[in-house]
Amino acid sequence: MIPSPARAVSSQRTPSSPGWRLWFGAATAAALLITAADAVLLQQKRAFFTGGFLTEIHARTPSEALAFLFTSLLVDGALAGTVAAVLLWASSRLRLTRRARAALIGLGAAAPALLWAFIEYRMLAVLGDTFDLGLMFDLTGGNAWELLAVSSSHLVAPLLLTVGAASGIAAVTWFVNRADRAPRTALRLTRRIVLSAAAGFVIGLLLFAAASTVSPLAEDGLRRKASGQFLLRLAAVLSDFDRDGFGIVGRLVDPAPFDASIFPYALDVPGNGIDENAVGGDLPATTAPYVETPPAQTPWPARPDVVLVVLESFRADVVGRSVNGRPVTPVMDALARQGISSSRAFSHNGYTIQSRFHLLTGSLAGLLQGSLIDDFKAQGYETAYFSAQDESFGGPDFNVGFDRSEVRYDARQDRGRRYTTFTTAGSLAVSHRVLTERIDEFLRRRDRSRPLFLYVNFHDTHFPYHHDDIQPIVSDVRVSQREIVPANAGRLREMYDNTAANVDRALGVTLDLVTRAEGRAPAVIVTADHGESLFDEGFLGHGYALNDAQTRIPLIVSGLPVRITEPFGQVDLRSAIVNALSSEDTTQDAKPRLTFDSTKVVFQYLGNIARPGQIGFAGGGERLVFDFRQRRQTGPGPEARADAENTEPAALHRLIHFWERLVLAAAPPE
């Protein structure tokens, strides 16, 4: 039985204690190893000590580099010493030689930080340097199982590496203990070790907090280390004096540590002279409240069949693209020639549930009633909702009317035919082939006495961008999940484009089925929930960067006289469709029209709209982004970054005040 810490602590206090010397030596060796490994990774990934391409913060003199390394060593020693003490206690009854115990404690104290550093380095190499685990947790609705399912493909290697490291440490300890002829003894944890470990931990914590506060270099480097991230979270909790959820240390610093009414993301009360969230100044009392106008509910003179197609993770630059001399999207290209195709259409968020909600309800703040499903039902349409995903994902807060549609299908009805590994709501999906089969079955039996509104969602272009139902249309390149790394970005893009070609073909099949069943061609709108980064700017995926790859979407309209004003946001679609169908000019020959408004912008955000990682305006020119975590404004690329206080504030304040008005309008009444 392993003894309790209280029983294991002896009264030995002398500096000559063999246990203390073993603990100190093992902890020091572990700290040196961690510091050296982190320094190599910081230089490899960010040119931290020399500066380089896209490196914003780096050591500019040898003395700065040495000061950082010394601070890093002490911070690493704080955690390594604590882990070494725990390991010494845990192994106190094991009959080990001194060398075997030193190997166990030294390697064990270094392993957690080394594993974390290596795993994070590999994940950031694939997902991008601004990947935020907390943001991803918010995006999956705070569901740990959903997060595991969504990120499972990236977790297999870290799990195997962790098991391998633990096995390796055990094997080394066993081998040294077996080969060493020295006496095998138990070793008790002494009070001197406990006090030394505790003192080292406190000193390391204080040093981390001080260095992170006074030195941008130390703050940037330490928070990228495993020990720094742990101490950062601990310091934030310990320094949250007013218990408002934010401390004086951390990515989101409490601007008023002793005033619980002022903290990041607090609702800013207009005109009270207090900037509750500490960004953008106090919201002026003269600022007009944020409002959302519902679409007009008047009888529609004509009621053409309408097909709304929403593509999953579909990049805008796929439309009109060719690969190996073959067009990727011939069906969409033909629709664009018949109608319009916008080059300035954007999603408000890079994640499915929020984007789908904004698209179908026409609302950012959730102030409007119903959705497009209800609009078409009110005009006598038969509404049919066909999704290759699980439409329960997002819960009641993001209800878009799936359950109110007269005919509804999603991936839950074909779990056995899914192409995804997991069946959780955020992962379950079926292929375009299964979806078109289900649509065909519905159209064959439907009563054609009423006009049709058909919503179709294809999922195939989601990560990992290929499955068994994908045919080689423009390319036969296939990249396995294990091979999806930056070095294979070109091959990955070719595989993605080929999957997009399969989706385009499935779109053509769907429209042919509708035309044949209804006896006339439907009006068609094709768009997407969001885009997808394929290592553009160092990112892979969607939902954690406000860039064109992740938020610019296709928008194609044919056979419906909509008036699209660019830049176009997803919330504009509902009113555009309703206004077009309310027009007297709704005929088969009516043409959609594109106009451009240089003063219009599209609001965007990362994560939860009330607690976003970033907010931004996208438009016809440069994108304006404010990062709450870095508390700075960014421009269209890394080289355009500038501290918010050093920029002309008018545009930034308009962005922040828009978000504040939006959040105030969406907040439940007290």
Side-chain angles (χ1 to χ4, degrees), residues 37-56 58 114-133 136 150-162 164-165 224-226 313-318 321-326 328 350 421 460-468 470 472-502 530-545 547-550 552 637-639:
D38 281 339
V40 170
L41 293 179
L42 281 170
Q43 177 62 24
Q44 181 81 12
K45 179 64 177 175
R46 303 188 57 79
F48 187 79
F49 297 100
T50 60
F53 182 60
L54 300 184
T55 301
E56 183 179 2
H58 63 90
L114 292 176
L115 280 171
W116 180 267
F118 180 76
I119 291 169
E120 184 178 54
Y121 174 77
R122 294 303 304 161
M123 288 186 69
L124 294 185
V126 173
L127 297 175
D129 193 48
T130 64
F131 175 74
D132 188 327
L133 184 62
M136 291 304 297
V150 170
S151 59
S152 61
S153 60
H154 301 296
L155 297 179
V156 175
L159 180 61
L160 293 176
L161 189 62
T162 302
R224 300 180 190 281
K225 295 167 52 68
S313 305
F314 205 92
R315 296 171 61 109
D317 62 4
V318 171
R321 184 177 173 87
S322 294
V323 174
N324 297 322
R326 293 186 286 272
V328 176
T421 302
D460 309 78
T461 40
H462 193 278
F463 180 90
Y465 318 120
H466 194 280
H467 55 75
D468 290 343
I470 298 299
I473 298 176
V474 298
S475 172
D476 59 0
V477 169
R478 181 165 182 176
V479 182
S480 68
Q481 289 192 34
R482 180 176 55 83
E483 297 173 318
I484 298 179
V485 294
N488 287 327
R491 296 177 65 238
L492 175 65
R493 179 62 199 262
E494 192 166 326
M495 181 179 76
Y496 174 89
D497 287 337
N498 182 69
T499 300
N502 278 255
H530 50 74
E532 186 80 352
S533 281
L534 300 172
F535 297 114
D536 306 77
E537 302 175 24
F539 298 102
L540 175 70
H542 55 266
Y544 53 92
N547 60 14
D548 270 7
Q550 293 185 36
R552 195 164 71 86
E639 294 183 1

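The figures that follow rest on heavy atoms only: side chains count, while hydrogens, waters and symmetry mates do not.
- In this structure, the side chains of Ile473 and Val328 stay at 4.5 Å or more apart for every pair of heavy atoms.
- One distance of note links CG of Leu41 with NZ of Lys225; it measures 9.5 Å at 0.5 Å rounding.
- Using a 4.5 Å heavy-atom cutoff, the side chains of Phe463 and Gln481 are in contact.
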### Task
Give the intermediate values and the outcome of side chain to side chain contact (heavy atoms under 4.5 Å, CB included) for residues Val477 and Asn498.
CA-CA 8 Å; Val477 169; Asn498 182 69; over 6 Å; no
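- Looking only at side-chain heavy atoms (C-beta outward), Glu532 and Tyr465 come within less than 4.5 Å of each other.
- Side chain of Ser475 to main chain of Met495: no donor-acceptor pair is present (N/O by atom type, distance under 3.5 Å, no hydrogens or angles).
- What you find for Asn547 and Ser533 is that their closest heavy atoms are ND2-OG, 3.5 Å.
- Atom CG of Leu540 sits about 6.5 Å away from atom CG of Leu534, to the nearest 0.5 Å.
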### Task
May I have the step-by-step check of side chain to side chain donor-acceptor pair (under 3.5 Å) for Gln550 and His542, ending in yes or no?
CA-CA 5 Å; Gln550 293 185 36; His542 55 266; over 6 Å; no
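- Residues Val318 and Tyr496 are in side-chain contact: their nearest non-hydrogen atoms beyond the backbone lie under 4.5 Å apart.
- Summarising the geometry of Phe49 relative to Ala39, their closest heavy-atom pair is CE1-O, 3.5 Å, with the distance given to 0.1 Å.
- Using a distance-only test at 3.5 Å, with no hydrogens or angles considered, no donor-acceptor pair links the side chain of Arg315 to the main chain of Gly531.
- To the nearest 0.5 Å, the span separating CG on Asn488 from CD1 on Ile484 amounts to 9.0 Å.
- Applying the salt bridge (charged side-chain N to carboxylate O under 4.0 Å, His left out) test to residues at least two apart or on different chains, the pairs with a partner in residues 483-494 are Asp317-Arg493, Arg493-Asp497.
- Residue Leu492 comes nearest to Val479 through the heavy atom pair N-CG2, 4.0 Å, listed as atom of the first residue, atom of the second, then distance.
- Under a 3.5 Å cut-off, the side chain of Asn324 and the backbone N or O of Val474 do form a donor-acceptor pair.
- In this structure, the separation between OG1 on Thr499 and CG on Asp460 is 7.5 Å, given to the nearest 0.5 Å.
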